[in-house]
Visitor: 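Quick one: structure below, then a few questions.
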Amino acid sequence: MAIGWAAMSTPSIGVLAVQGDFREHLAALTRLGAEAVSVRRPSEIDSLDGLILPGGESTTIDRLSRVFDLREPIQTAIAGGLPVYGSCAGMIMLADTIVDPHRGQQTFGGLDITVRRNAFGRQVSSFESDLEVNGLPEEGGPYRAVFIRAPWVEQLGDDVETLATVDYDGETRIVAVRQDNLMATSFHPEITGDDRIHEHFISIVTAAAR
Ligand code: GLN
């Protein structure tokens, strides 16, 4: 194991499994030796050490979370300091504010950022880029990030640290952030097989559990 959490009992990390690519996140967590838990019911949140909000479609994740009565327990967990990592649509779900929400769209919030959905163009907007990501181990080199109709962070509060940016259309855009126990990326580390982002999140989870 590359990170030093052998002394702690295996962290139990949930993945919100109502829509999107939750299976890929569960697989990454399992590869890293964490206990990976599919979350579809409110009762499944209580015993978690951390939670991942996957990529997918944020309007659908929002709607289904409300249908399954998951919205309030997740908001309570975030407010209580549960480490949460959101990728792509999950970043949108963690954001306090969306610039261009779909009608009626809500987020869980907690992360003091404003995001723009589908920011890198609309359908023809998937691309890959090699990023320097703060906090990742240097071995392995730059992080190959896959963006799929991704949001970017348009504004961020004083307590939010930028972990990575990408140069796009002559501008530098923020694509990874952290605020205490909350982390979010515009890109999809779950589909590349480079598990350093998940490893980093597990280190946040184990530090919070101490
Ligand atoms: N565009 C999607 C949204 O607004 C996010 C895309 C993704 O998660 N790959 O939710």
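Model, not experiment: these values are computed from the prediction. Each ligand, and each atom within it, is numbered from 1 in the order the structure gives.
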Visitor: Between Arg144 and Asp194, does any side-chain N to carboxylate O distance fall below 4.0 Å?
Guide: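 The answer is no: the pair does not qualify as a salt bridge.
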Visitor: Testing the 3.5 Å rule here: is there a donor-acceptor pair between the side chains of Tyr168 and Ser129?
Guide: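 No, Ser129 and Tyr168 have no side-chain donor paired with an acceptor closer than 3.5 Å.
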Visitor: Is the CD atom of Glu72 crowded by more than 12 outside heavy atoms at less than 6.0 Å?
Guide: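 No.
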Visitor: Check whether the side chains of Arg63 and Gln105 place a donor and an acceptor atom closer than 3.5 Å, and report yes or no.
Guide: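 Looking only at side-chain atoms, Gln105 and Arg63 do not form any donor-acceptor pair under 3.5 Å.
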Visitor: Can you name the residues that form a salt bridge (charged side-chain N to carboxylate O under 4.0 Å, His left out) with Arg116, not counting sequence neighbours?
Guide: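 So Arg116 forms a salt bridge (charged side-chain N to carboxylate O under 4.0 Å, His left out) with Glu154.
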Visitor: Heavy-atom cut-off of under 4.0 Å around ligand 1: list whichever protein residues fall inside it, by chain and number.
Guide: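 Contacting ligand 1 under 4.0 Å are Gly55, Gly56, Glu57, Ser58, Cys88, Ala89, Ile92, Arg117, Asn118, Ile148, Arg149, His188.
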Visitor: Are side-chain N/O atoms of Ser87 and His25 paired as donor and acceptor at under 3.5 Å?
Guide: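 Judged by distance alone, the side chains do pair up.
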